[in-house]
Protein chains: 2
Amino acid sequence: MLTDRQRLILNAIVDDYIRSAEPVGSRSISKRGDVGYSPATIRNEMADLEELGFLEQPHTSAGRIPSHKGYRYYVDHLTSSFSLNPEELHMMKSFFAEKLNVMEQMIQHAAGILSQMTNYTSILLGPEVFHTSLRHFQLLPLNEGQAVAIIVTSTGQVENKIVSIPQGVSVSELEQVVNLLNEKLVNVPLYKLKTRLYTELGAEMQRHIAHYEELMKVLDIALENEPDHRDVYLSGTTNMLNQPEFKDVDKVRDIFELLEQTPALMKLMAPAPGEHGVQVRIGTENTHEAISNCSLITATYSIDGKAVGSIGILGPTRMEYARVIGILNVLSHDLTKLLSHWYK
Amino acid sequence: MLTDRQRLILNAIVDDYIRSAEPVGSRSISKRGDVGYSPATIRNEMADLEELGFLEQPHTSAGRIPSHKGYRYYVDHLTSSFSLNPEELHMMKSFFAEKLNVMEQMIQHAAGILSQMTNYTSILLGPEVFHTSLRHFQLLPLNEGQAVAIIVTSTGQVENKIVSIPQGVSVSELEQVVNLLNEKLVNVPLYKLKTRLYTELGAEMQRHIAHYEELMKVLDIALENEPDHRDVYLSGTTNMLNQPEFKDVDKVRDIFELLEQTPALMKLMAPAPGEHGVQVRIGTENTHEAISNCSLITATYSIDGKAVGSIGILGPTRMEYARVIGILNVLSHDLTKLLSHWYK
DNA sequence: GGTTAGCACTCGATGGCGATGAGTGCTAAC
DNA sequence: GTTAGCACTCATCGCCATCGAGTGCTAACC
């Protein structure tokens, strides 16, 4: 579709614009060294590239900036696979060496590292509860009438919620129920828990337990796994404010509002079905209007070959694509390895 | 210190400025109706008030704006105790009616309500781990070599972390240790846990348990209660962007950066020792430079008469003090009631 | 024929300038 | 003690000329 020279020039323009955030003129491209043509020649090519929709002109007599289509082409034809420099590698390595003991902390920490390395905003989606199974169930009386239900998942996540205990239910009864549950339901995937509760335990409980119906209700609540409740971790949101394109408060407001809305973020971060690896969504390719001037680069991490969460970087469309893609690649890979090892 | 008329005028100026965010002139005060003096008289008083340090002039021939000292005086002499309007009362009531079962969710929700009602940024500090005691301790094997340590506190909070189990320690040994711990350490305040572990359990464990030393190390890690780890909940950070004083990105950047730093926020939100009730810190009265143009209003909530956490509102110094103070009063009171009831 | 030098042209950015008007401080009258 | 009147200050706004980066086009060059 494009000649080699056009590709070369387009690449140079995108690179320059990513660095400077200023419209790029023909002269500056000519002076770069890697494009050995005079400004006039480059101007001609630029005019062609604009006509083809890869470049835009903010106004006559300004330089050119890449259009969304231009960025898309740039990303799709990225050649130089980015490799981390020694310091960055060290950062990553020391992160995985730290062996954070709680998954939450680990993910939050990963988000911090990501935003720090890229100077963009990082968004991490915690492991999905659907693909994990029950490792242990516990019901601890808090005071009369209330108890903490604790669910430990196969990924080491601990979810807890407080439930009301109906009057008349004794502690020994509770213990009996908990034991039964652990016996029968361990290793059952979380999303199947409630069905199994009724199909497998119903009969047995009815035989042994006095307050069968009331307790079923309690368990029903305790095992409720809200499919919407996945943890979203953010870091480096302020980096957004350092981008010259967002020096106007009106432009950031919508973005920040979006970042406060967990469900919307989850939707944005959800990988396209079937996609593995790094995905780049440029400008209006994103489904949310607030970030139509942003690019979102995401990658997934997996446990047992199954994608359970995603990591992402949000920045202006003028983004260091190669770098960010490289970093996400490494991190998603390492995260997968770490989790798999952990999960065994 | 001030005459009645000066007080009246100062009040009017602060009120006006809170509403308009524009320097207030003598004429507009005169026309308000509640100050029955001519612009000239008011000008004279304004000059005096400026000399006394209660007002400032952005430049000659602009109106006056309150200084930090002016706000302080205004707050200290607030007369009209603000009362919530029916809708707001309804909002509050429905919040407490919702009976969220996990403390985390409840606090996050409270933060949302607060920011929504005030149009400022709300900051909530979760219940402090220091004043709570151990209700239950649990050690659940995850796989060989690792286990989840779960600590349930008297306030219903569940903390968990993953620890490594030394080789050669059997499951029955672990159970023995856990039983011993629950027997001896339940109801011990968290911050005393580690001391007690050594003083009370050391001897007994040494007698009964084979891998005494290794296990002590494990418990030491498991019971580590990081005093820094308190949960901070934010809501409505974007409201900051709607304030005209922060239309310049440079002014918000520092604030947003501060809001990302949990430890710094905790320090800011910590109540002055011995203080109960609502506290107002205006401008530079705050210890952090980033919010020297902001006011932070905080209140504490308690369990059993002991302050365990705080709720706060961050906004520009030009803040609706009366309103915010009123709302915080109500919320902190209700929160205390709810928690006390919950905790029994 | 592709490439380049030269040149007129465009248009946003910058800075100086006067008009405008809100608001003050001061003085003198009430 | 209060107020009307008036000269003065100074930020803001719109206007205009200037400046310069960058373009498009044409003609010369290899």
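Residue numbers begin at 1 in each chain, while the letters A, B, ... track the order of the sequences. Since we're looking at a predicted model, the values are computed, not measured.
- The shortest heavy-atom contact between Phe256(A) and Thr238(B) is CB-CG2, 3.2 Å.
- Closest approach of Arg318(A) to Pro244(A), counting heavy atoms only: NH2-CD, 3.6 Å.
- Between Asn329(B) and His333(B), every side-chain heavy-atom pair lies at or beyond the 4.5 Å cut-off.
- Counting to the nearest Å, the C1' atom of dG20(D) and the CZ atom of Arg27(A) are 12 Å from each other.
- Summarising the geometry of Ala264(B) relative to Leu258(B), their closest heavy-atom pair is CB-CD1, 3.6 Å, with the distance given to 0.1 Å.
- Whole-Å rounding puts the Arg64(A) CZ to dT23(D) C1' distance at 7 Å.
- Taking atom CD on Glu45(A) and atom P on dT3(C), their separation rounds to 8 Å, with Å as the unit.
- A heavy atom lying under 4.0 Å from DNA chain D marks none of the residues of residues 2-19 of chain A.
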Would you give a per-nucleotide map of nucleotides 7-15 of chain C, 5' to 3', where B means the base has a protein non-hydrogen atom under 4.0 Å away, S means only the sugar-phosphate does, and - means neither? ---BBS---

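- The two atoms that bring Leu314(A) and Met319(A) nearest to each other are C-CE, 3.6 Å, heavy atoms only.
- For Ser295(A), the side-chain hydrogen bond (donor to acceptor under 3.5 Å, both in side chains) test picks out Tyr321(A), with sequence neighbours left out.
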In sequence, state the C-alpha distance, the side-chain angles, and the governing distance for Gln261(B) and Leu265(B), and then conclude on side-chain contact (heavy atoms from CB on, under 4.5 Å). CA-CA 6 Å; Gln261(B) 291 165 23; Leu265(B) 281 184; 5.9 Å; no

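- Computed from coordinates, the Met46(B) CE to dG25(C) C1' distance equals 12 Å when rounded to whole Å.
- When the P atom of dT24(C) is taken as reference, atom CD1 of Ile42(B) falls 10 Å away, rounded to whole Å.
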Secondary-structure notation, DNA chain C, from Watson-Crick and G-U pairs under 3.5 angstrom (| other strand): ||||||||||||||||||||||||||||||

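- Applying the side chain to side chain donor-acceptor pair (under 3.5 Å) test to pairs two or more places apart or on separate chains, those with a residue in residues 114-123 of chain B are Ser115(B)-Ser235(B).
- Rounded to whole angstrom, the span from the CD atom of Glu51(B) across to the C1' atom of dT24(C) amounts to 15 Å.
- Nearest heavy-atom pair, Asp34(A) versus Leu8(A), reported as atom, atom and distance to 0.1 Å: O-CD2, 3.8 Å.
- Contacts of residues 28-41 of chain A with DNA chain C (heavy atom under 4.0 Å): Tyr37(A), Ser38(A), Ala40(A), Thr41(A).
- Residues Leu124(A) and Ala110(A) share a closest heavy-atom pair of CD2-CB, 3.9 Å.
- For Asn44(B) and dT3(D), the CG to P distance is 10 Å, given to the nearest whole Å.
- For Arg64(B) and Tyr17(B), the side-chain atoms include no donor-acceptor pair closer than 3.5 Å.
- Using a 4.5 Å cut-off on side-chain heavy atoms (C-beta onward), Val14(A) and Tyr71(A) make contact.
- A side chain to side chain donor-acceptor pair (under 3.5 Å) with Ser26(A) is found for exactly one of Lys31(A), Arg43(A), Glu45(A), namely Arg43(A).
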